[in-house]
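Only heavy atoms go into these numbers, but all of them, side chains included; no hydrogens, no water, no symmetry mates. Numbers here are sequence positions counted from 1.
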Amino acid sequence: MKKEMELIIAIVNSGYADDAMKAARSAGARGGTILNARGAGVDAQDRFYGITIQSEKEMVMLVVEKEHKADIMKAICEKTGLKQEGRGVIFSLPVEDAVGMAPERPAQ
């Protein structure tokens with residue numbers, strides 16, 4: 001039987017990706033991918049002595065079983081402060097097919 005999977009994408013301020021991954025693992029995720037990014041919204045640029053500075057972000061991407069999605073998203077939100085405005089965003093998308101996923105390890 002094929003399990004339903006979801007892609008969770010968390011966009012957090014720079015320096016919070018490791019916290020997000022630790023929280024995700026504690027809630028059942030087996031691993032993920034972290035990418036460096038920069039904000040491009042209206043409020044994403046700050047000025048420092050006349051120089052425009054892009055806000056640095058990190059993206060955490062995790063493919064998880066649908067049954068674990070809510071717990072993982074909640075854990076990431078709590079650990080990284082995403083419930084506070086301007087700290088980032090987290091969302092999920094359904095995964096139709098995936099190749100190369102590591103098989104689930106048997107319980108020991």
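- For Arg30 against Arg25, the heavy-atom pair with the smallest separation is O-NE, 4.1 Å.
- In terms of modelled atom types and a separation under 3.5 Å, the side chain of Glu4 and the main chain of Glu65 share no donor-acceptor contact.
- Between the NZ atom of Lys79 and the CG atom of Asp18 there is a distance of 11.0 Å, given to the nearest 0.5 Å.
- We find the CE-SG distance between Met73 and Cys77 to be 6.5 Å, quoted to the nearest 0.5 Å.
- Smallest separation of non-hydrogen atoms from Gly31 and Leu62: O-CD2, 3.3 Å.
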Handout entry: Full working for side chain to side chain contact (heavy atoms under 4.5 Å, CB included) between Met21 and Val60
Key = CA-CA 7 Å; Met21 278 303 308; Val60 178; 3.6 Å; yes

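- Across all their heavy atoms, Ala27 and Ala75 have their closest contact at CB-CB, 3.9 Å.
- The minimum heavy-atom distance linking Ile76 with Ala20 is given by the pair CG1-O, 3.6 Å.
- Closest of all the heavy-atom pairs between Lys57 and Asn13 is NZ-OD1, 2.6 Å.
- Going from atom CG of Leu35 over to atom OG1 of Thr33 covers 6.5 Å, rounded to the nearest 0.5 Å.
- For the atom pair Glu67 CD and Ile72 CD1, the distance stands at 9.5 Å (nearest 0.5 Å).
- Put simply, the side chain of Glu58 reaches to within 4.5 Å of the side chain of Asn36, judged on heavy atoms.
- Two residues are said to be in side-chain contact when any heavy atoms from C-beta on lie closer than 4.5 Å; Met59 and Ile34 fail this criterion.
- Across all non-hydrogen atoms, the minimal contact from Leu82 to Ile11 is CD2-O, 4.1 Å.
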Exercise for the section: Test side chain to side chain contact (heavy atoms under 4.5 Å, CB included) on Ile90 and Ile9 and set out the steps. Expected result: CA-CA 6 Å; Ile90 188 168; Ile9 299 175; over 6 Å; no

Practice task
Take Arg38 and Glu56 through the test salt bridge (Lys or Arg N to Asp or Glu O under 4.0 Å) and record every step on the way to the result.
Solution key: CA-CA 5 Å; Arg38 60 186 167 94; Glu56 295 295 316; over 6 Å; no

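- The distance from atom CG of Asp71 to atom NZ of Lys69, rounded to the nearest 0.5 Å, is 11.0 Å.
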Exercise for the section: Give the intermediate values and the outcome of side chain to side chain contact (heavy atoms under 4.5 Å, CB included) for residues Glu6 and Leu93. Expected result: CA-CA 6 Å; Glu6 293 276 329; Leu93 300 167; 5.5 Å; no

